[in-house]
Amino acid sequence: MNLTHKNTSIAYTDTGTGNAVVLLHGFLENKNMWEPFLPEFSKTHRIICIDLLGHGETGCLGYVHSMKLMAETVDVVLNHLEIKKATFLGHSMGGYVALAYAEEHPNKVSGICLMNSTAKEDNQERKIGRDRAIEAVKQNHRTFIRIAINNLFRPKNREIFADKIKEVIESALQTPLQGIIAALEGMKIRPNREHILEAHEFDKLMMISKKDPVLDYKNLVNQTKHRNVKVVEFPDGHMAHIENSHEFSLNTMHFIENL
């Protein structure tokens, strides 16, 4: 399904009935990443999957897609569907968008799950890395995508999940150049949102992978200390929905059923 916002097409799916759960994909991903889990999740909940700006079937809206701007498009979809309150689960960049949404609309959030994501802003080293990534994308975005996707998996899993990685890369290659750069620019400038983990009463869960090549395990664990944040740990890499799919599904169902 699609709707138009600011002359831009926003794509989404709406499956099942019950309390709403919004699934937000990561960088270079799209709403199709959630398809394996929809039959189970939608048995008890209304599951909304949204293609974020410049990804999947959703168009671009300028040259910088800030997390706040992406959250605005999420709100447009939820208003269109007349959803007053929802639980949000975001993978990586999708988690950044979920936090931005909670900052703007705390009364519309019943829970947030961050899967391999962080409430911290990019440090200087990461910002430099984003700029290098933008240059690499401009030079050869296909090579950038192949390397970037491979590097999200725990090294030992790159052979085990070779076929799945190929699928993810093929899907990511459909992402337009402008969408890739706009997302990198948006992630680079996002502010620290750790206060969301502290200030609000809604339930919070962080799914953390011990061998995540992208995010530091100890740093993520520290974000949960002295805060009312539940923690689930997975043994593998950044792509827990693939590398630890069964555990991801079980823990997600447990979280959304116990809100």
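Keep in mind that what you see is a predicted model, and the values were worked out from it rather than measured. Only heavy atoms go into these numbers, but all of them, side chains included; no hydrogens, no water, no symmetry mates.
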Looking at every heavy atom in both Leu152 and Glu243, which two are closest together, and how far apart are they? O-OE1, 4.0 Å

Would you name the heavy atoms of Pro176 and Gly54 that are closest together and state the gap between them? CD-O, 3.5 Å

Between [X] (side chain) and [Y] (backbone), is there a donor-acceptor pair under 3.5 Å?
X	Y	answer
Arg193	Glu103	no
Ser209	Lys211	no
Thr58	Ile10	no

Less than 4.0 angstrom from a charged side-chain N to a carboxylate O is my criterion; do [X] and [Y] meet it?
X	Y	answer
Lys188	Asp122	no
Lys108	Asp75	yes
Glu135	Arg132	no

Side-chain contact test, heavy atoms from C-beta onward, threshold under 4.5 Å: evaluate it for [X] versus [Y] and give yes or no.
X	Y	result
His254	Leu250	no
Arg227	Glu194	yes
Met206	Val221	no
Thr17	Lys43	no
Asp14	Met1	yes
Ser171	Asn30	yes
Val231	Glu233	yes

Considering residues at least two apart in sequence or located in another chain, which fulfil the salt bridge (Lys or Arg N to Asp or Glu O under 4.0 Å) criterion with Glu121? none

Would you mind listing the cluster partners of Leu23? Hydrophobic ones only (ILVMFWY), side-chain contacts under 4.5 Å, chaining allowed. Val21, Met33, Trp34, Phe37, Leu38, Phe41, Ile47, Leu89, Met115, Leu205, Met207, Val232, Phe234, Phe248, Met253, Phe255, Ile256, Leu259

For Asn150, I'd like to know if atom CG has over 12 heavy atoms of other residues, nucleotides or ligands within 6.0 Å. yes

Test His65 against Met187 for side chain to side chain contact (heavy atoms under 4.5 Å, CB included), laying out the working first. CA-CA 8 Å; His65 291 156; Met187 289 188 287; over 6 Å; no

Could you list all the ring-ring contact (aromatic ring centres under 6.0 Å, His included) pairs where at least one residue sits in residues 88-129, not counting sequence neighbours? Phe88-Tyr101, His91-His238, His91-His241, Tyr101-His105

